[in-house]
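These notes are about the structure you will find just below.
Throughout, numbering of the chain's residues begins at 1 and tracks the sequence.
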Amino acid sequence: MPLFAATAQAADSPWSGNASVGFVSSAGNTQSRSQNAEYGVRYGAAESLWVLSSAGKLVQARSRVVTELADGTETEETQTTAENYRANLRIERKLDEKNYFYGNADYVKDLFGSVRTSTSQTLGYGRRLIARETLSLDVELGGGARQEEAQETRETVNEGIGQFGLRFAKKWGDRAQFSELISVQYGEQNTVTDAQTRLKLAVVGSVWAQLGFDLRNNSHTGSDEVSTDTTTSISVLWEFGK
């Protein structure tokens with residue numbers, strides 16, 4: 001999940017995290033409404049050998065849809081046009097200042113995507129290539145297992161996977177932060193590419209405005225399904241800890 005930075009933490013507290021909510025509504029010729037919520041929590045001080053973290057997100061969109069009936073008349077109703085959930089649980093074991101082992105469990109459910117549910121469990125090794133006060137870059141390599149349920153057929157596929165990850169974070173003083181998280185899970189049946197981009201701008205205190213862009217690509221989809229799903233979000237975010 002995204003790299004989360006934070007502020008205003010007591011020096012002896014190992015807890016940090018954030019929560020955000022966003023809402024967009026339009027009226028007139030096009031009527032639609034969308035909402036998103038996101039959280040991130042981390043347990044582990046800077047000097048800790050073990051770090052436990054979790055993150056998740058919810059996105060839902062509803063629109064007014066006009067449907068033509070068999071008799072030629074039209075009816076208008078509100079329908080859900082997008083709905084997906086995701087959650088992540090991660091544990092890291094630091095080896096030294098640049099190297100670490102990690103364990104990762106991911107769950108994604110998309111009611112309108114090519115893959116309805118995807119659950120994966122991976123173990124791997126990570127190395128911090130850049131470690132500056134305002135800039136960091138980690139690369140990760142691991143493997144594990146994945147279970148997927150197809151949207152059309154509801155068939156379940158279990159397979160072993162290899163995983164490559166990239167984590168990038170950049171800060172501009174105390175006013176702006178950018179993060180990019182890329183994960184590629186390779187399997188014989190399906191390769192999943194996941195990219196999460198976040199730009200945060202300080203508002204006041206621990207409150208930030210956040211722009212988000214998520215991309216998820218499945219190499220194997222049904223005949224009438226699109227392989228790439230994207231989500232753009234605007235939200236207000238509150239942080240605690242560091």
Presence of salt bridge, Arg146 and Asp106, under 4.0 angstrom: no
Leu135 side chain reached by Phe168 side chain, heavy atoms, under 4.5 Å: yes
Check: Asn217/Thr228 side-chain N/O donor and acceptor closer than 3.5 Å: yes
Heavy atoms of other groups near Arg132 CZ, more than 12 under 6.0 Å: no
Heavy-atom neighbours of Leu201 CG exceed 12 at 6.0 Å: yes
Glu97 atom CD, over 12 foreign heavy atoms within 6.0 Å: no
Any donor-acceptor pair under 3.5 Å from Glu92 side chain to Leu52 backbone: no
Flag for Gln60-Gln35: side-chain donor and acceptor within less than 3.5 Å: yes
Crowding at OH, Tyr43 (>12 non-hydrogen neighbours, <6.0 Å): no
Nearest-0.5 Å distance, OG of residue Ser53 to CG of residue Asn88: 6.0 Å
From Leu129 atom CG to Leu166 atom CG, the distance as rounded to the nearest 0.5 Å: 8.5 Å
Note, Ile91 side chain near Val51 side chain (heavy atom, < 4.5 Å): no
Audit row: Glu148, Arg116, salt bridge (charged side-chain N to carboxylate O under 4.0 Å, His left out) steps and yes/no: CA-CA 8 Å; Glu148 291 184 335; Arg116 185 175 179 85; over 6 Å; no
More than 12 heavy atoms from other groups under 6.0 Å of NZ on Lys170: yes
Side chain proximity check, Ser227 to His220, heavy atoms < 4.5 angstrom: no
Distance-only polar pair, side chains of Arg62 and Thr80, donor-acceptor under 3.5 Å: yes
Polar side-chain atom of Ser219 near backbone of Thr191 as donor-acceptor pair, under 3.5 Å: yes
Reported CD1-to-OG distance for the pair Ile234 and Ser34, which is rounded to 0.5 angstrom: 9.0 Å
Asp229/Arg216 ion pair, N-O < 4.0 Å: no
Taking every non-hydrogen atom, the tightest pair across Val139 and Tyr100: O-OH, 4.4 Å
Shortest non-hydrogen contact between Ser32 and Ser63, atoms and distance: CB-OG, 3.6 Å
Gap between atom CG of Leu237 and atom CH2 of Trp208 - 0.5 Å precision: 9.0 Å
Exceeds 12 heavy-atom contacts within 6.0 angstrom, atom CG of Asp174: no
Donor-acceptor side-chain pairing of Gln163 and Thr122 below 3.5 angstrom: yes
Point-to-point distance, once rounded to the nearest 0.5 Å, from OH of Tyr102 to CG of Leu123: 8.0 Å
Side chain Ser120, main chain Ala145, donor-acceptor under 3.5 Å: no
Lys98 and Asp138 ion-paired at < 4.0 Å: no
Heavy-atom check, side chain of Tyr85 versus side chain of Val59, under 4.5 Å: no
Check: Asn18/Tyr39 side-chain N/O donor and acceptor closer than 3.5 Å: no
Residue pair Ser235 / Glu38, side-chain donor-acceptor N/O under 3.5 Å: no
Check against salt bridge (charged side-chain N to carboxylate O under 4.0 Å, His left out), Glu140 and Arg167: CA-CA 8 Å; Glu140 298 177 349; Arg167 293 170 171 260; 3.4 Å; yes
Verify same cluster id: Phe178, Leu211 (apolar side-chain graph, 4.5 Å): yes
Carboxylate-amine/guanidinium proximity below 4.0 Å for Asp214 and Arg198: yes
side-chain contact (heavy atoms from CB on, under 4.5 Å) between Ser136 and Arg128, worked out: CA-CA 7 Å; Ser136 67; Arg128 176 149 292 188; 4.1 Å; yes
Flag, side chain of Gln151 to backbone of Asp110, donor-acceptor distance under 3.5 Å: yes
Close side-chain approach of Val115 and Asn190, heavy atoms under 4.5 Å: yes
Check: Asp96 and Lys94 side chains under 4.5 Å, non-hydrogen atoms: no
Validation row: Gln121, Gln147 side chains within 4.5 angstrom (heavy atoms): yes
4.5 Å side-chain heavy-atom contact, Phe112 and Asn84: no
No-hydrogen, no-angle side-chain donor-acceptor test under 3.5 Å, Lys200 and Gln177: yes
Rounded distance (nearest 0.5 Å) linking atom CH2 of Trp238 with atom OG of Ser20: 12.0 Å
Gln185 and Phe164: CA distance, side-chain angles, deciding distance, side-chain contact (heavy atoms from CB on, under 4.5 Å) verdict: CA-CA 7 Å; Gln185 292 184 346; Phe164 169 78; over 6 Å; no
Over 12 foreign heavy atoms within 6.0 Å of CD, Glu155: no
Test side-chain contact (heavy atoms from CB on, under 4.5 Å) applied to Tyr125 and Leu141, step by step: CA-CA 6 Å; Tyr125 161 78; Leu141 189 64; 5.6 Å; no
Results of side chain to side chain donor-acceptor pair (under 3.5 Å) for Thr197 - residues two or more places apart only: Glu180
Main-chain N/O of Glu159 paired to Glu188 side chain as donor or acceptor, under 3.5 Å: no
